[in-house]
Amino acid sequence: MNLPFYIARRYLFSKKKHNAVNVISAVSVCGVALATLALVCTLSVFNGFRDMVAGFFTAFDPELKITVREGKVFDAELPDICAIRDWKEVEVFTETLEEGAMVQYKDRQVMAMIKGVDDNFEQLTQIDSILHGAGEFILYDEVAEYGIMGIELVSVLGTGIQPIDPLQLYAPKRQARVNMANPSASFNSRYLFSPGVVFVVNQQKYDAQYILTSLNFARELFDYETEVSAVELKLSAGESVAGVKRKLEQHLGPEYIVRDRYEQQEDVFRIMEIEKLISYLFLTFILTIACFNVIGSLSMLIIDKKEDVETLRNLGADDKLISRIFLFEGGLITLSGAIAGIFLGLAMCFAQQQFGFITLGNGHGSFVVDAYPVSVHAGDIFFIFVTVLVVGFFSVWYPVRYLSRRLLNA
């Protein structure tokens with residue numbers, strides 16, 4: 001066994017001459033453990049919120065979405081686009097058309113995003129899981145065209161879940177000049193009825209702006225024929241999203257953009273990642289401060305073991321070996337704190353997952369979830385473990401060398 005490590009291990013677990021050294025060593029381990037615990041719990045909560053938000057988007061966003069790099073729309077009947085329908089990796093191929101329009105209900109008006117979708121949109125996403133109301137998901141029938149609104153848009157317009165009167169939609173005619181004598185002639189106008197359901201994504205971007213309707217209705221409203229704003233795909237079971245994404249990019253070339261679910265909500269997830277990074281940096285700073293306790297513990301230990309050091313020197317030990325003993329001692333204190341902190345952090349995360357004892361607000365439905373969501377990622381735990389060891393090493397490396405020379409040569 002490595003001699004400095006063996007001696008450092010004996011120093012850590014053996015009883016010291018002065019009881020204060022034992023207390024300071026225990027406090028040092030506890031300080032590192034608490035900082036590590038805070039890192040584990042905080043990053044796991046951020047992961048929980050991220051997974052929760054991703055779950056909301058999963059019910060509305062496709063696995064892969066193809067858009068054009070320049071412009072708003074492209075022709076869905078181009079050979080390169082049509083060929084994707086027959087790929088074995090693609091289970092559902094859906095054309096969609098999104099564009100803004102003014103929506104009027106009685107005396108209320110609001111700008112909304114109209115999303116026209118294919119008949120197979122239910123197969124593409126888990127839309128049924130976010131629908132609320134006594135009706136059903138239907139886009140059109142022989143009598144009328146239907147529109148399914150977000151819950152916040154329903155509130156703004158005051159329609160209720162199943163209004164009697166239809167919505168009136170206005171969109172400017174493409175490639176037509178505004179008729180100042182009769183401005184209303186410059187707009188296309190259509191009616192949408194409610195099928196008796198609304199969707200709730202719990203994201204304002206969708207709930208307050210979107211109306212789902214049929215693709216043909218959207219094309220008529222916005223004066224398009226075969227154009228779409230996006231092609232949305234659901235992959236066959238077992239297919240790799242990243243692999244199919246790369247294949248699509250090679251097939252379509254630079255004129256098109258292929259996005260997965262996280263890239264479709266890039267702004268939201270980027271903000272969450274930045275918040276997670278800032279929290280990590282703050283907690284790492286607190287960890288660094290906690291490591292100063294280790295320096296104090298080592299200082300006391302060096303004084304306590306001064307006679308032992310003299311004995312080692314008489315046996316031929318040099319300053320380098322002695323410094324390594326106390327450096328290993330600091331490393332063992334940091335390692336013990338890291339292991340204890342990770343263990344306690346994982347235990348707290350498990351308890352929060354099972355019992356939700358730390359609630360949001362008053363815990364009575366004020367938020368989307370009653371308790372803080374937690375999701376433990378193995379990569380984060382490994383990264384935290386490495387961070388604690390690295391910060392602990394660099395925190396004690398120079399002080400140990402300085403103290404061992406200064407105190408032991410005094």
Q: Report the C-alpha distance between R50 and S375 in whole Å, list the side-chain angles of each, state the deciding distance to 0.1 Å, and finish with yes or no for side chain to side chain donor-acceptor pair (under 3.5 Å).
A: CA-CA 9 Å; R50 186 177 187 273; S375 177; over 6 Å; no

(Q) Assess the residue pair L169 and Y191 against the criterion (side chain to side chain contact (heavy atoms under 4.5 Å, CB included)); give the C-alpha distance rounded to whole Å, side-chain angles, the decisive distance to 0.1 Å, and a yes or no. (A) CA-CA 6 Å; L169 279 65; Y191 290 95; over 6 Å; no

Q.
Between E225 and R219, does the salt bridge (Lys or Arg N to Asp or Glu O under 4.0 Å) criterion hold? Intermediate values first, please.
A. CA-CA 6 Å; E225 295 180 359; R219 282 173 171 165; over 6 Å; no

**Q.** Worked verdict on T334 versus V388 for side chain to side chain contact (heavy atoms under 4.5 Å, CB included)
**A.** CA-CA 7 Å; T334 303; V388 175; 3.8 Å; yes

Q: List the steps, then state whether side chain to side chain contact (heavy atoms under 4.5 Å, CB included) holds for L139 with V117.
A: CA-CA 9 Å; L139 301 173; V117 299; 3.7 Å; yes

Q. For M149 and L167, what are the C-alpha separation, side-chain angles and deciding distance, and is it a side chain to side chain contact (heavy atoms under 4.5 Å, CB included)?
A. CA-CA 11 Å; M149 294 185 287; L167 301 174; 3.5 Å; yes

Q) Could you walk me through whether T213 and E145 pass the side chain to side chain donor-acceptor pair (under 3.5 Å) check? A) CA-CA 8 Å; T213 186; E145 296 279 352; 4.5 Å; no

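For the 3.5 Å distance criterion, the side chains of N188 and D223 qualify, holding a donor opposite an acceptor. Between the side chains of Q264 and Y262, no donor-acceptor pair of N or O atoms lies under 3.5 Å.
The two residues A208 and E152 have their closest heavy-atom pair at CB-OE1, 3.5 Å. For the pair L221 and I114, the tightest heavy-atom approach, listed with the atom from each and the gap, is CD2-CG1, 4.5 Å. Between K88 and S236, the closest heavy-atom pair is O-OG, 2.9 Å. Contact between P254 and R69 at its shortest, heavy atoms only, is O-NE, 2.6 Å. When all heavy atoms of T42 and S279 are compared, the pair lying nearest together is CG2-CB, 4.0 Å. For the pair A33 and A340, the tightest heavy-atom approach, listed with the atom from each and the gap, is CB-CB, 4.2 Å.
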N/O donor to acceptor pairs below 3.5 angstrom from side-chain atoms of residues 98-105, sequence neighbours left out:
residue: E98; atom: OE1; partner: Y210; partner atom: OH; Å: 2.8
residue: E99; atom: OE1; partner: Y224; partner atom: OH; Å: 3.2
residue: E99; atom: OE2; partner: K72; partner atom: NZ; Å: 3.3
residue: Q104; atom: OE1; partner: Q109; partner atom: NE2; Å: 3.2
residue: Q104; atom: NE2; partner: K106; partner atom: O; Å: 3.1

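Applying side-chain hydrogen bond (donor to acceptor under 3.5 Å, both in side chains) to D61 and the options R259, Q265, R261 leaves one that passes, Q265. Among V154, I164, V198, the one residue that satisfies the side chain to side chain contact (heavy atoms under 4.5 Å, CB included) test with T159 is V154.
Using a 4.5 Å heavy-atom cutoff, the side chains of D128 and E122 are in contact. Contact annotation: the side chain of F343 never approaches that of L37 to less than 4.5 Å [non-hydrogen atoms, C-beta and beyond]. Between L346 and V376 the shortest side-chain heavy-atom distance falls below 4.5 Å. Residues V200 and L131 form no side-chain contact, since every pair of their non-hydrogen atoms from C-beta on lies 4.5 Å or further apart. Put simply, the side chain of V90 does not reach to within 4.5 Å of the side chain of V92, judged on heavy atoms. Counting heavy atoms from C-beta outward, K173 and F187 have side chains that stay 4.5 Å or more apart. Using a 4.5 Å heavy-atom threshold, the side chains of E89 and L64 count as separate. At a threshold of 4.5 Å between non-hydrogen side-chain atoms, the residues I286 and T284 do not count as touching.
Side chain of Q168 to backbone of S189: no donor-acceptor contact under 3.5 angstrom is found. At distances below 3.5 Å, not a single donor-acceptor pair connects side-chain atoms of D118 with backbone N or O atoms of F121. Of the possible donor and acceptor atoms, none in the side chain of E95 sits under 3.5 Å from a partner among the backbone N and O of G116. In this structure, N120 contributes its side chain and F93 its backbone to a donor-acceptor pair below 3.5 Å. Between the side chain of T226 and the backbone N or O of E77 there is no donor-acceptor pair closer than 3.5 Å. Side chain of D75 to backbone of E227: no donor-acceptor contact under 3.5 angstrom is found.
Heavy-atom neighbours of E273 CD from other residues, nucleotides or ligands within 6.0 Å: above the threshold of 12. In this structure, F217 places its CZ atom where more than 12 heavy-atom neighbours from other residues, nucleotides or ligands lie under 6.0 Å away. The environment of CZ in F357 is crowded: more than 12 heavy-atom neighbours from other residues, nucleotides or ligands sit within 6.0 Å. Enclosure of atom CZ in R85 by more than 12 non-hydrogen atoms of other residues, nucleotides or ligands within 6.0 angstrom is indicated.
Between F74 and Y256, a ring centre-to-centre spacing shorter than 6.0 Å is recorded. Remark: aromatic rings of F383 and Y280 are close, center separation under 6.0 Å.
Atom CG of N47 sits about 4.0 Å away from atom NE2 of H377, to the nearest 0.5 Å. The distance from the CG atom of D267 to the NZ atom of K205 is 7.5 Å, given to the nearest 0.5 Å. The CD atom of E275 sits 10.0 Å away from the CZ atom of F49 when rounded to the nearest 0.5 Å. The distance from atom CD1 of I148 to atom CG of L153, rounded to the nearest 0.5 Å, is 13.0 Å. Interatomic distance, T67 OG1 to E232 CD, rounded to the nearest 0.5 Å: 10.0 Å. Between E63 atom CD and K234 atom NZ the span is 7.0 Å, to the nearest 0.5 Å.
Shown here are the ring-ring contact (aromatic ring centres under 6.0 Å, His included) partners of H251, two or more places apart in sequence or in another chain: W87.
The existence of a salt bridge linking K245 and E239 is excluded, since no basic side-chain nitrogen approaches an acidic carboxylate oxygen closer than 4.0 Å.
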